[in-house]
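A short write-up of the structure that comes next.
For ligands, and for the atoms within them, numbers begin at 1 and follow the listed sequence.
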Amino acid sequence: MKVKVGINGYGTIGKRVAYAVTRQDDMKLIGVTKTKPDFEAYRAAELGIPVYAASEEFLPRFEKAGFEVAGTLGDLLNEVDVIVDATPGGMGAKNKELYEKAGVKAVFQGGEKASVAEVSFVAQANYEKALGKDYVRVVSCNTTGLTRTLSAIQEYIDYVYAVMIRRAADPNDTKRGPINAITPSVTVPSHHGPDVQTVIPINIETSAFVVPTTLMHVHSIMVELRKPVEAKDVVDIFENTTRVLLFEKERGFDSTAQLIEFARDLHREWNNLYEIAVWKESISVRGNRLFYIQAVHQESDVVPENIDAIRAMFELADKWESIKKTNESLGILK
Ligand SMILES: NC(=O)C1=CN([C@@H]2O[C@H](COP(=O)(O)OP(=O)(O)OC[C@H]3O[C@@H](n4cnc5c(N)ncnc54)[C@H](OP(=O)(O)O)[C@@H]3O)[C@@H](O)[C@H]2O)C=CC1
Ligand SMILES: O=C(OP(=O)(O)O)[C@H](O)COP(=O)(O)O
C-alpha cells in the first residue's frame with residue numbers, strides 16, 4: 001500500500017517534505033497547494049506535481065495568470081490519505097476542521113500549539129506514540145534539534161539550560177529582520193524548553209536571541225548531570241545517535257557557513273543538512289556539568305520527521321525500520 005500524501009503550503013518546509021515524499025517507495029505525492037502562481041507554483045508544475053489552489057478565494061489569481069490548477073484544497077483532500085500542513089504558524093489549527101470534515105489524517109508543524117495534535121513528535125524520541133494516530137505535530141526545528149541530542153543523553157540529565165541563537169529569517173525571506181540588531185526573547189523560558197517537554201520529560205529552561213543570519217540556528221547547551229559521564233562517552237553517544245553529526249573546528253568547521261558548505265559539497269538538495277551538527281571540541285565536562293554547542297539547519301531538520309510521522313500514523317513500519325528507510329532515501333549519513 002502506498003499512502004497518498006498532499007501538502008498544504010508549498011513553502012520552505014512544504015516543498016522539502018514534498019520532495020522527500022517522492023523519495024519514498026511507500027508514499028505517493030498527490031499534490032500541493034499554493035495561494036498564488038509564483039515561480040514555486042510553476043516549478044512544481046514543471047516537476048509534474050499537481051498544484052491546487054489553497055482555497056477557492058485564490059482561484060482568480062491562477063485564472064488571471066492562465067495557470068491551470070488541479071482544483072482547490074477541498075479537491076486535494078478528497079484524493080489523499082494524509083495532508084501535511086506546512087502553512088504559516090497558527091494556520092494549521094484553523095485548517096484542522098477541514099481535515100476532520102474530510103476524514104483525512106494530518107501532520108502539523110512546529111508553528112502550531114501542541115494542542116493541535118494528539119502527539120508532538122521527534123522520531124528517535126517517541127515514534128511509538130504516533131502509531132495509528134490521526135493528528136501528529138512535528139515539533140519546530142529548534143525543538144527537534146534539542147530533542148535529538150538531549151534524548152540521546154537523557155539518562156544523565158538532571159537539568160538542562162540552553163541558549164538558543166536563532167536565525168532571523170530563511171534565505172528566501174526578504175521581509176523579516178533584524179538586519180542590524182540582536183532581539184532577545186525577554187521572557188524566560190523561551191517557548192523551546194516547554195516545547196521539548198511535549199516530547200521528552202526532562203527538566204529544561206531555555207532563553208533565546210534572534211540574530212541577523214539566515215543560515216542556521218546555534219544552541220549552547222549546559223547539562224547538570226544526574227550521574228557522572230566523561231566527554232569521550234558523550235562523543236561516543238553522539239557518534240552513535242542517528243541524525244546527529246559531529247564536526248571538528250580542527251577540520252575547518254569554524255561556523256555555520258562551513259556546515260552549509262559541507263551540505264553543498266554533498267550535493268544535498270537545497271543544501272539541506274538534515275542532521276544536527278554538534279561541534280566535537282565543544283563537548284566538555286566540568287565538575288557535574290556537561291557543555292556542548294550544536295547547529296540546526298532550520299529549513300530541513302524536520303523533513304525526515306514528517307516522513308517518519310506519516311509512517312507511524314499508518315503503521316507502515318516500526319521505529320528503526322522507518323528511520324533507516326527515511327535516512328537512506330534522503331542520503332542522511334547516519
Ligand atoms: N522555516 C523554518 O525554519 C521552519 C518552519 N517550521 C514551521 O513550518 C510551518 C511552515 O513554515 P515555513 O515553511 O517556514 O513557511 P513559509 O512561509 O515558507 O511557507 C508557508 C506556505 O504556506 C502557504 N500559505 C500561505 N497562506 C496560506 C493559506 N491561507 N492557505 C494555505 N497555504 C497558505 C504559502 O503559500 P504561497 O507561497 O503560495 O503563498 C507558503 O508556501 C510553520 O508552522 C513553521 O513554524 C518548522 C521548522 C522550521
Ligand atoms: O521552528 C522554527 O523556530 P523555533 O524552533 O524557534 O520556533 C523555525 O526556525 C521557524 O521559526 P520562525 O517562527 O522564527 O520562522
- Ignoring hydrogens and geometry, is there a side-chain-to-backbone donor-acceptor pair from Arg166 to Val211 under 3.5 Å? no
- Message: Just to verify, which of Asp195, Asn142, Thr206 counts as forming a side-chain hydrogen bond (donor to acceptor under 3.5 Å, both in side chains) with Ser190?
- Response: Thr206
- Task: With heavy atoms of Ile13 as the reference, note each atom of ligand 1 found under 4.0 Å away.
- Result: 4 (C), 5 (C), 6 (N), 8 (O), 13 (O), 47 (C), 48 (C)
- Item | Option nearest atom 9 (O) of ligand 2 (shortest heavy-atom distance, choices Ser140, Pro88, Cys141) | Cys141
- Is it the side chain, the backbone, both or neither of Glu299 that has a heavy atom closer than 4.0 Å to ligand 2? neither
- Message: Students should be able to answer this: which protein heavy-atom is nearest to atom 13 (O) of ligand 2, and at what distance?
- Response: Arg166 NH2, 4.0 Å
- Message: So if I count the atoms of ligand 1 from 1 in the order they appear, which ones are less than 4.0 Å from some heavy atom of Asn8?
- Response: 31 (C)
- Side-chain donor or acceptor of Asp75 paired with backbone N/O of Thr72 under 3.5 Å: yes
- Taking only heavy atoms of Gln298 into account, list the atoms of ligand 2 that are under 4.0 Å away from them. 9 (O)
- Query: Counting each atom of ligand 1 from 1 as listed, which ones have a heavy atom of Ala86 under 4.0 Å away?
  - Reply: 10 (C), 20 (C), 21 (C), 22 (O)
- Query: Of all the non-hydrogen atoms in the protein, which one sits nearest to atom 23 (C) of ligand 1, and at what distance?
  - Reply: Gly9 CA, 3.8 Å
- Shortest protein heavy-atom distance from atom 42 (C) of ligand 1, along with the residue and atom involved: Thr87 O, 3.6 Å
- Item | Shortest protein heavy-atom distance from atom 44 (C) of ligand 1, along with the residue and atom involved | Gly111 N, 4.0 Å
- Mind checking whether Phe108 and Tyr135 have parallel, tilted or perpendicular rings, split at 30° and 60°? tilted
- Task: First locate atom CG of Leu150, then atom CD of Gln294, and finally report the distance between them rounded to the nearest 0.5 Å.
- Result: 7.0 Å
- Query: ligand 2 versus His191, non-hydrogen atoms closer than 4.0 Å: side chain, backbone, both, neither?
  - Reply: side chain
- Item | Smallest separation among heavy atoms of Leu59 and Ala53, with atom names | CD2-CB, 3.8 Å
- With rounding to the nearest 0.5 Å, note down the distance linking NZ in Lys34 to NZ in Lys15. 7.5 Å
- Message: Counting only heavy atoms closer than 4.0 Å, does ligand 1 sit against the backbone of Asp173, its side chain, both, or neither?
- Response: neither
- Note: heavy atom closest to atom 37 (O) of ligand 1, options Glu112, Gln298, His297, Lys34, belongs to Lys34
- Task: Return yes if some donor-acceptor pair links the side-chain N/O of Ser322 with the main-chain N/O of Asp318 below 3.5 Å, else return no.
- Result: no
- Please say whether the positively charged group of Lys105, taken as NZ for Lys or CZ for Arg, lies over the ring of Phe314, i.e. under 6.0 angstrom from the six-membered ring centre and within 45 degrees of the axis. yes
- Task: Could you list which atoms of ligand 2 come closer than 4.0 Å to a heavy atom of Asn142?
- Result: 3 (O), 4 (P), 5 (O), 6 (O)
- Protein heavy atom under 4.0 Å of atom 34 (C) of ligand 1: no
- Counting only N and O atoms by type, is there a donor-acceptor contact under 3.5 Å from the side chain of Ser120 to the main-chain atoms of Arg137? no
- Task: Under 4.0 Å from a heavy atom of Met91: give me the atoms of ligand 1 that qualify, with their elements.
- Result: 26 (N), 27 (C), 28 (C), 29 (N), 30 (N)
- Go through the side-chain N and O atoms of Gln298 and Asp170 and say whether any donor and acceptor fall under 3.5 Å apart. yes
- Item | Heavy atom of protein closer than 4.0 angstrom to atom 8 (O) of ligand 1 | yes
- Message: Tell me whether Asp81 contacts the main-chain N or O of Lys4 through its side chain, where contact means a donor paired with an acceptor under 3.5 Å.
- Response: yes
- Query: Going by distance only, is there an N or O of His192 that falls short of 3.5 Å from an N or O of ligand 2?
  - Reply: yes
- Query: Does an N or O anywhere in Cys141 fall below 3.5 Å from an N or O of ligand 1?
  - Reply: no
- Query: Is the backbone of Ser255 close enough, under 3.5 Å, to the side chain of Gln258 for a donor and an acceptor to pair up by distance?
  - Reply: yes
- Within the side chain of Glu281, is there an N or O that forms a donor-acceptor pair under 3.5 Å with the backbone of Glu250? yes
- Note on the structure: Counting from 1 in the order shown, the ligand 1 atoms closer than 4.0 Å to a non-hydrogen atom of Gln109 are 7 (C), 8 (O), 9 (C), 43 (O)
- Note on the structure: re atom 31 (C) of ligand 1, the protein heavy-atom contact at minimum distance is Ala54 CB, 3.4 Å
- Using distance alone, determine whether Thr35 and ligand 1 share an N or O pair under 3.5 Å. yes
- Heavy atom of the protein closest to atom 17 (O) of ligand 1 (residue, atom name, distance): Pro88 CG, 4.6 Å
- Message: As a check for students: among Gly11, Ser300, Ala53, Gly92, identify the option with a heavy atom nearest to atom 19 (O) of ligand 1.
- Response: Gly11
- In terms of the angle between their ring planes, are Phe67 and Tyr42 parallel, tilted or perpendicular, with boundaries placed at 30° and 60°? perpendicular
- Atoms in ligand 2 with a heavy atom of His217 nearer than 4.0 Å: 9 (O)
- Has ligand 1 got any nitrogen or oxygen that is less than 3.5 angstrom from a nitrogen or oxygen of Gly110? no
- Message: Can you tell me if Gln109 contacts ligand 2 (heavy atom of the residue under 4.0 Å from the ligand)?
- Response: no
- A student checking ligand 1 against Gly89 at a 4.0 Å heavy-atom cut-off should list atoms 42 (C), 43 (O)
- Identified side chain to side chain contact (heavy atoms under 4.5 Å, CB included) counterpart of Val199 within the set Val119, Leu146, Asn126, Thr144: Asn126
- Please check if atom CD in Glu68 has more than 12 non-hydrogen atoms from other residues, nucleotides or ligands closer than 6.0 Å. no
- Query: Do any nitrogen or oxygen atoms of Asp170 lie less than 3.5 angstrom from nitrogen or oxygen atoms of ligand 1?
  - Reply: yes
- Query: Do Thr12 and ligand 1 have an N or O pair less than 3.5 Å apart?
  - Reply: yes
- Does at least one non-hydrogen atom of Arg167 fall below 4.0 angstrom from an atom of ligand 1? yes
